[in-house]
Structure formats: structure tokens, C-alpha cells
Amino acid sequence: MSLLHRDVQREPFGLLSRFRAELYASLTARADALFELTDAMLCADGPVKTLVGLALAPEHRRGRGALYAGLNQGRLDVARLRRAVAAVPLPKAADGRLVLAVDVTPWLRPDADTAPDRCFCHTYGYGDNKHQMIPGWPYSVIAALETGRTSWTAVLDAVRLEPGADVAAVTTAQIREVVERLITGDQWREGEPDVLVVVDAGYDAPRLAHLLADLPVEILGRLRSDRVMRRPAPSRKEFHQANPLGGRPPKHGGEFVFGDRATWGAEQALTVTDTRLYGKATAQAWDRLHPRLTRRCAWIDHTAELPLIEGTVIRLQVEHLPSGGEPKPVWLWWSKTDATAADTDRCWQVFLRRFDVEHTFRFWKQTLGWTAPRLRSPEAADRWTWLVIAAHTQLRLARPLVKDLRHPWEKPTPPDRLTPARVRRGFRNLRPTAASPTRAPKPTTPGPGRPVGQRNRRPATRHDVGRILATGERYQRPAHHKLGTKPRRTG
């Protein structure tokens, strides 16, 4: 446990020590091995290439057997660790608003036939920049964004998506739990601006706004350029004036076709901003537009009357791209109405900050080695994922504490502009003074293992990649496929 006085618990060193103590307390089995594995991940020389390579780090005082046993047989109180991650100071926007980004990143396992619960993950940039579906474990991650140009984010939660899962339903439950933890942890108080949740085009932003309407959140999502929205229905007085013979008043107004400029009409807000990389950025906003819902797909089981989910549509157009390509407009949907010029600028600028989470994913995979272990059990993958989140949180708390150990060819960087990789480079010098509750390892003798020349009599089970039938049941291979034989032909 941390021995710091309560008066200094909000100082950077006190926050780091207290979080390390909470991390150790959340490890309920094989705690020493898992905690030292996290320290080895933070203090290893260079990027983590293999899991067993962490056993050679001085911070990991146990053997490689304890390393694998900790991931495969250890236990982690995820609920307690989630509360600890949500309790540390979080970055906020200039107006004091919390901005959360939601995205899915895959842990690709294309050759792991013995790993269960894999599904096809949509990947980019493989095979001459072609989009491919590769087997793996997709994780839905929620992170708090900072302002300005930075590669830092505060990761708050990660959930592995199982085969056949409703991504929208899982994301809604995940956002709800994160926001409730933030409210409980006094990160959001009554009277403060609503939490802004930013999603990409793969999410149904209006549906998320409808499902989270009881929480103090706003949804900002990108829409496809071929969408069609509807305007508000005319009032009863306006309808009767236009139709003196009577009739049934419509539920929806005229169409707003993204690809047809003639249907746009006059915008409610228009802003022009000079940018360094994109030239002039022109943003237009149209108020009170909603999608026309039908009883299919996500709304097929909705028994009540289909709702009208109104919001603001924002179109962002830039002059040029740094790559020299043809700039295409970006369409956004904001769950609030009556948008002003300031709201329009804030929305598109915050949406561009959403891509900071891609830097976090790259840092996890290329430096911390998130996808380096070849684990078979999904539960072990979840434990390793939360250890990576805990390591990344410690780096964020150590930003004002470490010194910049730059290489001779690197430029000096102010302390507040250090990247996660450069903070990790100096974490080894900070670790001896931080709280380290692990106990000394006990000497052991390795077991005899399998006798030489004897084959494995318990072959691992092979699993198909996330095949879900129309009935909702998981597809299973016939018996002859599991035994590795083929059906005999007759006749």
C-alpha cells in the first residue's frame, strides 16, 4: 500500500503511487507475477517483441514459467481496476467538457486455430492497401481525448467483442457504464457541460443518442456521404394552409439528400476557419434533421412508436489535403439542436481529435507489445489487455515526473510535450521510488515436463472463426471434421 500522506495524494507522485497500489490490490491471484510483468513492460529496453522476452528484464524477478502462469491462471478484479482508472485526473476540453472517443481495434490471430471466440475483423492497409477480413479478437475501447496536437489519450475501458455480438448494444452498455463510473468518481458534476462521445461512421449515432438519452451525454458521429435525412414535419396549421382539402398530416418533412445540393436549403450556421494543413475549412450546419426509421435491422423488435431523433447535420469541406489528393466533404451528426457557429466549430474540431486514439493503438501494438503474445485463451488475452491499459495509465501519470532521455539525433522536447514512448524511456529511473508492493520471489525447481520422445496425448480443440447461423446459434463442424477424417463414400 502507498504510505503517502493524504495531503500529497493529488500530487503527481502520489497519484502514481496510489494507482500502483490499486493495481496490485485488483490482482487477486498471481498478483506478484502480473504486477512485475506490467513493470517489465514499462521498463524493457526498446519495443516489446515477444512475451517471454519480458522475463529477461531486471524488473521481472521471476522465471518465465511464472510469467505464463500469471496470464493463464491469474485473476484480475476488472471492476476495481476500472474504478481506479476512472478515478485518476482526466483531460478535458477548453470549456471543461469531457470528450470520449469510441473505436474498435483488432488483435489479429489469423493462424490461431486453437483460440476460441475469434471473429473476422475489418482491417485496412493489408495487401496493397486493400480492406480485408482477418480472424482475430476485436476490442471496443473508450478513451478520453486531450486538446491540441498530441498522441496522448486516457483509456478508460476495453471490452472484447464476441462473435455475433451486436456492436451497437455492446457499445451502448459500455458507454453507459463508463459515464456512470465518471459520475460516481466525481469526474462529472451537476451543472457541468455534457460529456461528448465521438464515434466514426461504423456506429449508428442517432441510435446511440436515443439509447443514452437519460444520461448527460452528447453524441457526435460521422455519417456516410450517401445518407438521406428528413426535415421536421410541418405544423398542423402549415399543413392545412398548404392542403385546404385536408388529409393526414405527414410524420416527416422534406428530404435532405447529402449528395444533392438542391435539397439542402439555407444553413443555420456557417463558419470559415484557416488551418495550417488544409487551407480554409468551411463548416455548414443544418438544424433539426432526423433519419427516417423503419422496423427492420436494429429497430425490428421496437414495439412502441418509432422515435424522431432530431439533431444537427454538419458538413465540413477543406481546400486541399497534405497528400495532394482530392478533398471529400465530411458529414457529421450532432445529437443536439439549435447549433450556433461556436458549436459548429467545436464539433468538427473535436471530431478531428478522435483520430488521436489511433496513436494509442499504434503505441500499444508497436511499443508495449499488446498483440505480441500468442495466447490461446481469450480470458488470458483480456488480462493482458488490462495490464496494457494499466501500464499506459502509469505512463500518463508519470508525464510530469520523468526526465527526457532523448537520443543524440532527437530534438529537445518540453516536459509537457513528451510522447508516450519518451516517457516510457525514463520510467525505469522513476520506478524504484514509486510504490512496489510485490514480495520477493521464492526459489523453485522446474518440473520434469513431458518425457523426451513422447507425443502430446491431449491435442488442442480447433475452433471455427465466428460463424453465426441465422438462428443466432454458433456453427459447429460435423464430427468427422473434429476427428480429422473424411466421410466415407458409399455406393
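- Partner Asp39 forms a salt bridge (Lys or Arg N to Asp or Glu O under 4.0 Å) with one of Arg431, Arg61, Arg62 and no other, that one being Arg431.
- Judged by distance alone, with hydrogens and angles left aside, the side-chain atoms of Trp188 form a donor-acceptor pair with the main-chain N or O of Pro193 at under 3.5 Å.
- Closest heavy-atom contact between Leu405 and Asn429: CD1-ND2, 3.6 Å.
- In this structure, the side chains of Leu277 and Thr275 stay at 4.5 Å or more apart for every pair of heavy atoms.
- Here the side chain of Arg383 pairs a donor or acceptor atom with the backbone of Gly74 at under 3.5 angstrom.
- Sorted by first and then second residue, the ring-ring contact (aromatic ring centres under 6.0 Å, His included) pairs involving residues 192-214 (not counting sequence neighbours) are His210-Trp299.
- Distance alone, capped at 3.5 Å, is enough to place a donor-acceptor pair between the Arg109 side chain and the Leu375 backbone.
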I'd like a table of donor-acceptor pairs (distance under 3.5 Å, sequence neighbours excluded) in which one partner is a side-chain atom from residues 326-335, with atom names and distances.
residue	atom	partner	partner atom	Å
Trp334	NE1	Glu218	OE1	3.1
Ser335	OG	Ile219	N	2.9

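- Aromatic ring orientation, Trp107 versus Trp370: tilted (interplanar angle from 30° to 60°).
- No side-chain N or O of Arg160 forms a donor-acceptor pair with one of Thr385 less than 3.5 Å apart.
- In this structure, Pro378 and Tyr139 approach most closely via the heavy-atom pair O-OH, 4.4 Å.
- In this structure, the separation between CG on Asp382 and CG on Leu71 is 11.5 Å, given to the nearest 0.5 Å.
- Between Phe355 and Phe351, the ring planes are perpendicular. Angles over 60° get that label, and only those under 30° would be called parallel.
- Between the Arg455 side chain and the Gly453 main chain, no donor and acceptor come within less than 3.5 Å of each other.
- A heavy-atom distance below 4.5 Å is not found between the side chains of Pro91 and Leu145.
- Proximity of Thr150 to Asp356: side-chain heavy atoms (C-beta onward) are separated by under 4.5 Å at one or more points.
- Judged as a side chain to side chain contact (heavy atoms under 4.5 Å, CB included), and not counting sequence neighbours, the contacts of Arg189 are Asp186, Glu192.
- Qualifying side chain to side chain donor-acceptor pair (under 3.5 Å) partners for Arg227, counting only residues two or more places apart in sequence or in other chains: none.
- Within a 6.0 Å radius of OH in Tyr24, other residues, nucleotides and ligands contribute more than 12 heavy atoms.
- Considering CG of Leu156 and CD1 of Ile142, their distance stands at 7.5 Å, rounded to 0.5 Å.
- Not one N or O on the side chain of Arg30 forms a donor-acceptor pair closer than 3.5 Å with the backbone of Arg75.
- With Glu146 contributing its side chain and Ser151 its backbone, the two residues share no donor-acceptor pair below 3.5 Å.
- Within a 6.0 Å radius of CZ in Arg64, no more than 12 heavy atoms belonging to other residues, nucleotides or ligands are found.
- Taking every heavy atom of both residues into account, Trp348 and Ala281 meet most closely at CH2-CB, 4.0 Å.
- Proximity of Leu182 to Leu100: side-chain heavy atoms (C-beta onward) are separated by under 4.5 Å at one or more points.
- The CG atom of Leu81 sits 9.0 Å away from atom CD of Glu22, with the distance rounded to the nearest 0.5 Å.
- Formation of a donor-acceptor pair under 3.5 Å by the Arg176 side chain with backbone atoms of Leu211 is found in this model.
- Ion pair Glu59/Arg428 flagged as a salt bridge, since at least one NZ, NE, NH1 or NH2 atom sits closer than 4.0 Å to an Asp/Glu carboxylate oxygen.
- Within the 4.5 Å cutoff, side-chain heavy atoms of Leu76 are placed close to those of Leu27.
- Summarising the geometry, atom CG belonging to Leu37 is positioned 10.0 Å from atom CG belonging to Leu42; distances are rounded to the nearest 0.5 Å.
- With respect to the salt-bridge test (charged N to carboxylate O, under 4.0 angstrom), the residues Asp404 and Arg406 do not qualify.
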Stepwise, does the side chain to side chain contact (heavy atoms under 4.5 Å, CB included) test hold for Val178 with Val195?
-> CA-CA 11 Å; Val178 169; Val195 180; over 6 Å; no
Do Asn456 and Arg458 pass the side chain to side chain contact (heavy atoms under 4.5 Å, CB included) test, and can you show the C-alpha distance, the side-chain angles, and the key distance before you say yes or no?
-> CA-CA 6 Å; Asn456 183 15; Arg458 290 186 244 175; 4.0 Å; yes
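- Between Val199 and Ala205, the shortest heavy-atom distance links the atoms CG2-CB, 4.4 Å.
- Under the 4.5 Å side-chain criterion, counting only non-hydrogen atoms from C-beta, Pro216 is in contact with Asp194.
- The closest side-chain heavy-atom distance from Val141 to Val155 is below 4.5 Å.
- Considering only residues two or more places apart in sequence or on other chains, His122 meets the ring-ring contact (aromatic ring centres under 6.0 Å, His included) condition with Tyr124, His131.
- The shortest distance between side-chain heavy atoms of Thr123 and Pro106 falls below 4.5 Å.
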Could you please spell out the steps behind the side chain to side chain contact (heavy atoms under 4.5 Å, CB included) verdict for Phe427 and Leu401?
-> CA-CA 9 Å; Phe427 191 85; Leu401 301 174; over 6 Å; no
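- Rounded to the nearest 0.5 angstrom, Arg207 CZ and Leu212 CG are separated by 10.5 Å.
- Judged by distance alone, the side chain of Ser17 and the main-chain N or O of Gly14 form no donor-acceptor pair under 3.5 Å.
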Applying side chain to side chain contact (heavy atoms under 4.5 Å, CB included), run through Asp103 and Arg354 and close with a yes or a no.
-> CA-CA 9 Å; Asp103 203 356; Arg354 189 203 69 84; 3.3 Å; yes
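- Proximity of a side-chain donor or acceptor of Gln174 to a complementary backbone N or O of Ser140 within less than 3.5 Å is detected.
- Heavy-atom minimum distance, Pro400 versus Pro12: CG-CB, 3.7 Å.
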Residues 391-398, side-chain donor-acceptor partners within the protein, below 3.5 Å, at least two apart:
residue	atom	partner	partner atom	Å
Thr393	OG1	Ile389	O	2.8
Gln394	OE1	Arg20	NH1	2.8
Arg396	NH1	Pro89	O	2.9

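- When Leu34, Leu51, Asn72, Val52 are each tested for a side chain to side chain contact (heavy atoms under 4.5 Å, CB included) with Leu67, only one passes: Leu51.
- When all heavy atoms are compared, the tightest approach of Val402 to Gly426 is CG1-O, 3.8 Å.
- In the model, Arg424 has no side-chain atom that pairs as donor or acceptor with a side-chain atom of Thr367 under 3.5 Å.
- In this structure, CG on Leu208 lies 6.5 Å from OG1 on Thr171, to the nearest 0.5 angstrom.
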